[in-house]
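Side-chain atoms are counted along with the backbone in the values below, which use heavy atoms only and exclude waters and symmetry mates. For ligands, and for the atoms within them, numbers begin at 1 and follow the listed sequence.
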Amino acid sequence: MTYIAKPRMRHPTLATNKVGYTRRDYEGKISTLCAGCGHDSISASIIEACWELDIEPHRVAKLSGIGCSSKTPDYFLGASHGFNTVHGRMPSVLTGANLANRDLLYLGVSGDGDSASIGLGQFAHAMRRGVRMAYIVENNGVYGLTKGQFSATADQGSKSKKGVVNTDSPVDLVAMALQLGATYVGRGFSGNKAQLVPLIKGAISHGGAAFIDVISPCVAFNNHPGSTKSYDYVREHNEAVSRIDFISAREEITVDMAPGEVMEVRQHDGTLLRLRSLHPDYNPADRYAAMAHMQRHQEMGEIVTGLLYVDPLATDLHTALNTVDRPLNALGPAELCPGAPALERLNASLR
Ligand SMILES: Cc1ncc(C[n+]2csc(CCOP(=O)(O)OP(=O)(O)O)c2C)c(N)n1
Ligand code: SF4
Ligand SMILES: [Mg+2]
């Protein structure tokens, strides 16, 4: 395979962020995905979100499974830590890395095949344990990499490129994440960057398990009439619950709208999510209302997008396990070994 390297040169007037990097510094290798693939737009949104958040690339660990979607971490954050794991196993490898080093920001990138079929168990346990990460599923309803078989998220009654009707019920990862206890749950569309970038920024800044399902059309195998994951279908059936603004803890907060139209959610780290309501009755702090709202609109054939649920005070697996504040991989033998008398006391307490 030919490898085309990106030039290191950049235009001298490119804007830098607060940590001195340009957007180019958050890019990766040149994508080998099909032109027009939704996954490339998600990579662009991740780059934009990390640049705007002033994250130093070496503070990020990006992990993925197997699939076109799972290849994408090669195309962004080239200077970050990365681990392309086994099919469906990203969540357990990420959980281990997170437990060893709690100081990094974790990005879990996966596909609908990777997370809703072979990795369904792994997805479920990462969500219920509250592993702190931004878990992004690039959902195209097919196994793109293996040439377009229906995935478990394909809607019942939707058609393959060759006209075969899918008879199975779909797995809805958003509904599952809500049910399993994820504390930040959203759905986006790769074609709506204005919505996706703040959704990703909120997920990265969140203190617990954040999950975003991003509908991401596969132009090679699932972008035809009859598909419910095509660009046209999603544009025609998209129903956003709110418009989301992300305001970092350092930015000045200015109020520019009447109370009632806007709901402000301050997360643990001081960042502010400002939700401009499009559905006056929608409450993103109510997990069960979020489930009911989604279900209701799904029955009408609509795809609900936006920040569907958030618990701003969420804690994570480290809190549950009461681990020390310092990353475990930074502890030395003296701190890791309590000594013979302490071990003796511990053993005695268990006899
Ligand atoms: C253990 C194992 N089983 C099956 C495969 C074959 N395989 C590779 S990618 C893939 C599905 C990918 O689908 P998805 O996660 O939706 O990614 P997409 O390509 O659609 O982005 C499968 C079944 C594999 N690589 N490893
Ligand atoms: S096969 Fe589909 S998912 Fe894979 S790169 Fe092409 S358009 Fe994207
Ligand atoms: Mg897929």
Side-chain angles (χ1 to χ4, degrees), residues 1-4 28-46 62-76 82-94 107-124 126-127 135-156 158-162 164 166 168 170-174 176-177 187-191 193 196 211-234 303:
M1 198 172 115
T2 338
Y3 171 67
I4 305 163
K29 291 183 188 146
I30 289 178
S31 171
T32 58
L33 303 187
C34 307
C37 174
H39 299 350
D40 278 334
S41 306
I42 301 173
S43 297
S45 290
I46 293 173
K62 42 178 189 161
L63 291 94
S64 62
I66 299 290
C68 297
S69 34
S70 293
K71 283 170 69 178
T72 62
D74 219 19
Y75 314 137
F76 58 79
F83 196 149
N84 191 195
T85 72
V86 183
H87 200 19
R89 268 56 169 189
M90 174 276 286
S92 56
V93 179
L94 190 151
L107 267 181
V109 178
S110 182
D112 41 312
D114 199 60
S115 280
S117 287
I118 194 167
L120 192 60
Q122 297 239 338
F123 159 78
M127 292 295 106
Y135 191 140
I136 298 173
V137 165
E138 307 190 344
N139 184 358
N140 51 20
V142 289
Y143 296 170
L145 191 72
T146 55
K147 306 234 175 284
Q149 302 85 350
F150 283 127
S151 81
T153 66
D155 286 313
Q156 199 169 34
S158 63
K159 286 189 187 147
S160 74
K161 199 173 169 182
K162 296 216 166 123
V164 179
N166 177 41
D168 298 340
V171 167
D172 185 336
L173 291 171
V174 161
M176 287 191 74
R187 174 168 275 143
F189 170 43
S190 64
K193 201 173 173 191
L196 190 53
F211 176 74
I212 312 175
D213 179 65
V214 188
I215 311 289
S216 177
C218 168
V219 290
F221 301 109
N222 206 14
N223 194 37
H224 44 266
S227 160
T228 55
K229 302 273 192 290
S230 66
Y231 282 110
D232 285 348
Y233 188 91
V234 181
I303 303 165

Taking only heavy atoms of [X], which atoms of ligand 2 are found under 4.0 Å from at least one of them?
X: Leu33; value: 5 (S)
X: Gly144; value: 1 (S)
X: Cys218; value: 1 (S), 2 (Fe), 3 (S), 7 (S)
X: Phe221; value: 1 (S)
X: Ala220; value: 1 (S), 7 (S)

Exercise. Just heavy atoms, cut-off under 4.0 Å: does Cys68 contact ligand 2 by side chain, backbone, both, or neither?
Worked result: side chain

Exercise. Using heavy atoms and a threshold below 4.0 Å, how should the contact between Val142 and ligand 2 be classified: side chain, backbone, both, or neither?
Worked result: neither

For this session: Measure across Gly111 and Val137 and return the closest heavy-atom pair with its distance rounded to 0.1 Å.
Result: C-CG1, 3.7 Å

For this session: Return the minimal non-hydrogen interatomic distance between Cys37 and Tyr231, and the atom names on each side.
Result: C-OH, 3.8 Å

For this session: May I ask you to check if any N/O/S atom from Cys37 comes under 2.8 Å of atom 8 (Fe) of ligand 2?
Result: yes

Exercise. Using a distance-only test with no angle check, is there a side-chain donor-acceptor pair under 3.5 angstrom linking Tyr143 and Ser117?
Worked result: yes

What protein heavy atom lies closest to [atom]? Include the residue and the distance to one decimal.
atom: atom 3 (S) of ligand 2; value: Asn140 ND2, 3.5 Å
atom: atom 17 (O) of ligand 1; value: Ser69 OG, 3.2 Å
atom: atom 14 (P) of ligand 1; value: Gly113 N, 3.4 Å
atom: atom 7 (S) of ligand 2; value: Val219 N, 3.4 Å
atom: atom 6 (Fe) of ligand 2; value: Cys34 SG, 2.3 Å
atom: atom 15 (O) of ligand 1; value: Asp114 N, 2.7 Å

For ligand 1, which atoms sit closer than 4.0 Å to a heavy atom of [X]?
X: His39; answer: 21 (O)
X: Gly144; answer: 18 (P), 19 (O), 20 (O)
X: Ile66; answer: 8 (C), 9 (S), 12 (C), 15 (O), 25 (N)
X: Val142; answer: 16 (O), 20 (O)
X: Ile118; answer: 1 (C)

For this session: Please test Asp172 against Arg187 for side-chain contact (heavy atoms from CB on, under 4.5 Å), starting from the C-alpha separation and ending with a verdict.
Result: CA-CA 11 Å; Asp172 185 336; Arg187 174 168 275 143; 2.9 Å; yes

Considering distance alone, does some N or O of [X] sit under 3.5 Å from an N or O of ligand 1?
X: Gly67; result: no
X: Asn140; result: yes
X: Tyr143; result: no

Problem set entry | Heavy-atom proximity to atom 5 (C) of ligand 1, best of Glu138, His87, Arg89 | His87

Exercise. What's the verdict on side-chain contact (heavy atoms from CB on, under 4.5 Å) for Val142 and Lys161, showing C-alpha distance, side-chain angles and the deciding distance?
Worked result: CA-CA 11 Å; Val142 289; Lys161 199 173 169 182; over 6 Å; no

For this session: Begin from the C-alpha positions of Ser115 and Tyr135 and carry the test side chain to side chain donor-acceptor pair (under 3.5 Å) through to its verdict.
Result: CA-CA 10 Å; Ser115 280; Tyr135 191 140; 2.5 Å; yes

Exercise. Does the pair Val109 and Phe76 meet the rule for a side-chain contact (heavy atoms from CB on, under 4.5 Å), with working shown?
Worked result: CA-CA 11 Å; Val109 178; Phe76 58 79; 3.9 Å; yes

Checking [X] side chain against [Y] main chain: does a donor-acceptor pair fall under 3.5 Å?
X: Ser70; Y: Ser64; result: no
X: Asp114; Y: Gly88; result: yes
X: Lys71; Y: Asn84; result: no
X: Lys62; Y: Pro73; result: yes

Problem set entry | atom 2 (Fe) of ligand 2 reached by His39 (N, O or S, under 2.8 Å) | no

For this session: Take Asn222 and Asn140, measure what side chain to side chain donor-acceptor pair (under 3.5 Å) needs, and give me the verdict at the end.
Result: CA-CA 7 Å; Asn222 206 14; Asn140 51 20; 6.0 Å; no

Exercise. So Leu196 and Ile46, side-chain contact (heavy atoms from CB on, under 4.5 Å) or not? Walk me through it.
Worked result: CA-CA 9 Å; Leu196 190 53; Ile46 293 173; over 6 Å; no

Problem set entry | ligand 1 contact on Thr146 by region, counting heavy-atom pairs under 4.0 Å | side chain

Exercise. Of all the heavy atoms in Gln149, does at least one lie under 4.0 Å from an atom in ligand 1?
Worked result: no

